[in-house]
Every structure is written in structure tokens, then in C-alpha cells.
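Note that this is a predicted model, so its numbers are computed, not measured.
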Amino acid sequence: MQEYIIHIDFLDRLGLGYEIFEIFKNHSINLIGTEAEQNQGMIIKFQCGDKAKFNQLINQLGQVRGIISVKLQDQMPYEQREYELRTILNSIDEGIIAFNNHAEITHINELAGQILHLSRQEAIGKKNDDFYRMGLPIMEILKTGHSYSLKEVKVKSNKKVLHFLSSGMPITNDNGQVIGAVVTIKDYRQVEEIISKVDQKRYLTAFDDIIHQSAKMRKIVDTARMVAKGCSTVLLRGESGTGKELFAKAMHLESDRSNGQFIAINCAALPDTLLESELFGYEDGAFTGAAKGGKKGLFEQADGGTLFLDEIGEISPQLQVRLLRVLQENAVRRISGSSEIPVDVRVIAATHCNLEEMIEKGEFREDLYYRLNVIPLMIPSLRERPEDVPLIAVYLIRKICAKLKKAEMRLSKDGVEFLMLQPWPGNVRQLENTLERVINMVDIKELRPAHFYACTDLALSQGNVNTEEELQIKIALGEECPTLKEMVSEVEKQILIRVLKNHPSSRKAGKVLGVSNTTILNKINAFGIMGK
């Protein structure tokens, strides 16, 4: 039997509907469904096995008084609405399940079926039993109208582990009566991926977060911001601790790839074999201990994003060859793989090494150098931009005090000058470590040069302290170890004795140590030192 759907357009009159259905009855035609649309006529779905009978039916309907036209159409209106609803539900990136007031599934989208390992045919009409065992309160929603939010579910079903987050809410009619419920579910792997992307962006650095006021740094930031929009390879040069990774993160965030992954790897931190498998991935069974099914390398994982290769000067000649090929072909071959996998990755490399010297010694490939050095950016050291030190130090002090849960400290004027005079061979990293050490060791509001001299290996510059020999203070750290306060007091006492030896007055000693005359006198009395 063939199914037909006809649309009857008519001018309404009393008894018209009765006459239409009498014609169907007289032809012994099985009606499947009817639907009336306001001002749009009537749609009827029916079965008819005889083409001649169908034509006879249409002719007879056309002769009924008031009927304007009879036309075939593809779907019933309710079928069209159902198709539109299913399309909408399937376009949503969450699993959606609707229940009627008998706790039977009436709608389920494709994603929910994938998460629950259920086909639509298996799910429709299914009772709440399985969801009850999962701990989802469907019946409670139907009885009380109370919703729930972000309930984690992890159960084993048909030898498969289902792990998802679920929320549910009631469906009510115009009178406020609960007539069903709708549940949303999100696969936990999808949740973790979203969290990962959010966390990654949270920890990325924007150019506005790079603290500077010097002309040198301003120039390099402006250049980096300009080239960030492109896709060319960038080579960041500079001493260790100058912030090369900060620049790489900022360039990714400013680029058209900011929605993609930013993946960083320190090439000097891994042995060659491990670094190779991390960068390029491997196929199933590539080596003993390889993960089943193989593994994507970082180039594949960063597809559509940015890969930051720190300490690029440390990679072996063998890896240099493989890296060169990836940069040339924009494709990667996994270890033990036989096919090339296309990748769209922007590479930002960084090094503190002198690559030019390494090329002369045969330690670094010249062709790879030119592939990496498309856009070279030289990050200046901290000693080349001392005017940035005060701003950076203030930011770091605030950050360290918050981390250590200590009252916020500040730098004295001579403390600022002292830090600006230091060579900082470890750059910003060394400055941060120095500040954290001092903030741990002292409990004062203002940091002065003497505190850095007492707690670190920094030297007071420009002859502030004239010492003939290195000051060494031995403190027993056994079971009866003195308190931190006692140790700091002993250090202060020894420094004060040494300074008073060369500057025998409280006023001169105060000037050297950057504190007031009164502070020196108080400490002389507290430590029992004979001074002037």
C-alpha cells in the first residue's frame, strides 16, 4: 500500500468535513492522520494501493462544493515540525533527552545517544529505570517540579563506562502543571576539554601584560604585536629569564590562531628519543612500551594553533633534519609511520644560544636556521633596560606577598636604585627569586638595600659597604635550630658590626645601610653593640 498526503484548500461551510470523510469511507481508504490548519485548509495522510482508485478519489473530492484545490505534498505539518525540532536538537553541543509525564523518553538528540550508547529507536518510549539507577532524579522532577544542576554520573552500562555531567528541569503547561522533563548531558571528556581551553587562555599572556616602560622594550613589543597577525615562523633570541615564552604566548593570543592550542615544550628538558616521540608521535607498536593505538605528536595536537619550541639550539642533528622537513612540507610522519599527516601549525622557536657560532662549528644546520629565522626578535636583558626594573619589581612584590599571604611591602627609594644597579645575569627570573627570598626572610613594610644584602648574595653597589673579606655567619641547623627571626637578627647584628667598623658613627652607618640614624641607634642598643 502506498502512502499519500494531500492538501485540501476549501471555503468552509457546514457539513463539508463530513462529506470529505464520507468519500474516503466509500472508497474503503485507510486514513493515517489528519490535521487542520487555520485558514490553510486540511491535510490528510492515507494509504491507497490502487492508482486508479487514487485518481478517482481526487476527482471526486474536486467536485465537492466549496473545495478550491486538492494537491499532493511531501509531509504532514506535524512531521515537518518534528523534523525541524530534531534538526535543532542535533545542532546543540549537549546531549538532550525529553520525558513525558510517564517518565518515558519522547525526544533524544544524536549526541545524547552517542554518550549513552543508545540509538534513537532504542531510546524513544524507554522508561526511566536506567536513569534512576544512574541517580538522575527524573521522577522527582515530574512529582515536585524541582530542577537539578551539574550532577556528575559515572556508571558502567553494558560493559561501557558512562561518565557525564547532567542537569534537568521540568516542562510545564500554561497552567503551571508539570507535563514532562528535559535533561541535558555533557560528556566528561568534553567538559575537561572546555576547562583545559579556558585554563589555557587564563594563563596566556597578552602584550599588555608584559611590564615595561623602556624604549628598547617598547620597540620589541610593538614589533612582536605587528608580526603576531601573520603565520611566519618566529625565532626569539635572548638570555635565559628574559621572558621569551611570555612573548610566544602573547603572539599566539594576538593571532588569528588564538582559538587553537598553544603548546610549549622545552627541547633541552627531554632526551632525544623521548623528544622525537613527543614532537612527531608514533604508530601502534613503534617500540616497547608504546601506547596501544599509537599517539599524536605535539605537531598534530597543535594543528590550527601554535607550537613553541623553547631551547631549540639544544636539539640533536637527527631531530634537526626531521624538524626541517616538517617546516618545509607542513606535514609530519609519526615514528614507524608510512604516511605524511598534513599539519597547519605556526612555529615559534626560542634560544639563548649563539646559533651562528654553532653553525660554524657544525653543531646546527644552516638550512634549519634560515627556516626558523624568518622573523628574528631579540629580547633585551634586564641590565639593558634598568628603567623597567622598578615596575617589574613592584608587580612581583605584590604577587609574592599575595602568594605568601603577607602584608604588601614596598621598595624604598634607595632600594629601587639598588635593584637598578644590579647586573641581573638571570634577568627577570633572578629578580623574582631574589624578591621572594627577601620577602620570606623579613617582616617589614619597606625593603631597603640592607635587607637584600643580608638575605641574598647581591652586593651593595658603588662602595656602599667597604668589606676587606667575605662576611660568613655560621648558624647551627640541628635539632635546636634557632628561629628565622633569631637568624635574621644575627645577620643584621654581624652586618652592623662590620659597617660600624668602617663607618664608626650611627649617622654614617645609617646612610650606608639606607636607614635612619634612630634605627641604627635602636639596633645598637638591642644587639648590645658599642658604637658612636
(message) For a quick check under 3.5 Å, do S240 and R429 share a side-chain donor-acceptor pair by atom type?
(response) yes

(request) Establish, from distance only, whether the side-chain atoms of E490 and Q494 form a donor-acceptor pair under 3.5 Å. (result) yes

(request) Please test E122 against K126 for salt bridge (Lys or Arg N to Asp or Glu O under 4.0 Å), starting from the C-alpha separation and ending with a verdict. (result) CA-CA 7 Å; E122 292 172 325; K126 190 177 180 67; over 6 Å; no

Any donor-acceptor pair under 3.5 Å linking the side chain of [X] with the backbone of [Y]?
{"X": "H107", "Y": "I105", "value": "no"}
{"X": "R448", "Y": "D414", "value": "no"}
{"X": "T242", "Y": "P380", "value": "no"}
{"X": "K406", "Y": "I439", "value": "yes"}

Flag the pair [X] and [Y] as a salt bridge only when some basic side-chain nitrogen lies within less than 4.0 angstrom of an acidic carboxylate oxygen.
{"X": "K295", "Y": "E283", "answer": "no"}
{"X": "K403", "Y": "E436", "answer": "yes"}
{"X": "K249", "Y": "D209", "answer": "no"}

Considering non-hydrogen atoms only, spot the tightest contact between [X] and [Y] and give its length.
{"X": "V227", "Y": "R346", "answer": "O-NH2, 3.0 Å"}
{"X": "G313", "Y": "C353", "answer": "CA-SG, 4.5 Å"}
{"X": "T306", "Y": "R257", "answer": "OG1-CD, 4.2 Å"}

(message) Could you tell me if R322 sits above the aromatic ring of F280, with its cationic atom closer than 6.0 Å to the ring centre and no more than 45 degrees from the axis?
(response) yes

(request) Evaluate the ring planes of F207 and F247, with Trp represented by its six-membered ring, and classify them as parallel (under 30°), tilted (30 to 60°) or perpendicular (over 60°). (result) perpendicular

(request) Please work out whether the ring planes of H252 and F262 are parallel, tilted or perpendicular, with thresholds of 30° and 60°. (result) tilted

(request) Assess the pair Y369 and F364: is the distance between their ring centroids shorter than 6.0 Å? (result) no

Mind checking the [atom1]-[atom2] spacing from [X] to [Y]? Nearest 0.5 Å is all I need.
{"X": "L372", "Y": "L323", "atom1": "CG", "atom2": "CG", "result": "6.0 Å"}
{"X": "K229", "Y": "D256", "atom1": "NZ", "atom2": "CG", "result": "6.0 Å"}
{"X": "I92", "Y": "T184", "atom1": "CD1", "atom2": "OG1", "result": "9.5 Å"}
{"X": "H212", "Y": "I220", "atom1": "NE2", "atom2": "CD1", "result": "11.0 Å"}
{"X": "R237", "Y": "L355", "atom1": "CZ", "atom2": "CG", "result": "4.5 Å"}
{"X": "K361", "Y": "E356", "atom1": "NZ", "atom2": "CD", "result": "12.5 Å"}

(request) Using the salt bridge (charged side-chain N to carboxylate O under 4.0 Å, His left out) rule, collect all pairs that involve residues 300-319, keeping only residues at least two apart or in two chains. (result) E300-R334

Verify the neighbour count for atom [atom1] of [X]: are there more than 12 heavy atoms of other residues, nucleotides or ligands below 6.0 Å?
{"X": "N354", "atom1": "CG", "answer": "yes"}
{"X": "K154", "atom1": "NZ", "answer": "no"}
{"X": "M169", "atom1": "CE", "answer": "no"}

(request) Give the C-alpha distance, both sets of side-chain angles, the deciding distance and a yes or no for side chain to side chain contact (heavy atoms under 4.5 Å, CB included) between V183 and I96. (result) CA-CA 6 Å; V183 169; I96 298 178; over 6 Å; no

(request) Show your reasoning for whether side chain to side chain contact (heavy atoms under 4.5 Å, CB included) applies to L275 and T273. (result) CA-CA 6 Å; L275 179 60; T273 51; over 6 Å; no

(request) Show the numbers, then the answer: is there a side chain to side chain contact (heavy atoms under 4.5 Å, CB included) between L111 and Q114? (result) CA-CA 5 Å; L111 186 55; Q114 291 170 13; 3.7 Å; yes

(request) Any chance you could lay out the salt bridge (Lys or Arg N to Asp or Glu O under 4.0 Å) test for K445 and E408, step after step, and finish with the verdict? (result) CA-CA 7 Å; K445 289 185 177 180; E408 194 167 310; over 6 Å; no

(request) Could you list all the side-chain hydrogen bond (donor to acceptor under 3.5 Å, both in side chains) pairs where at least one residue sits in residues 380-395, not counting sequence neighbours? (result) S214-D388, E239-R383, S381-E384, R385-D388

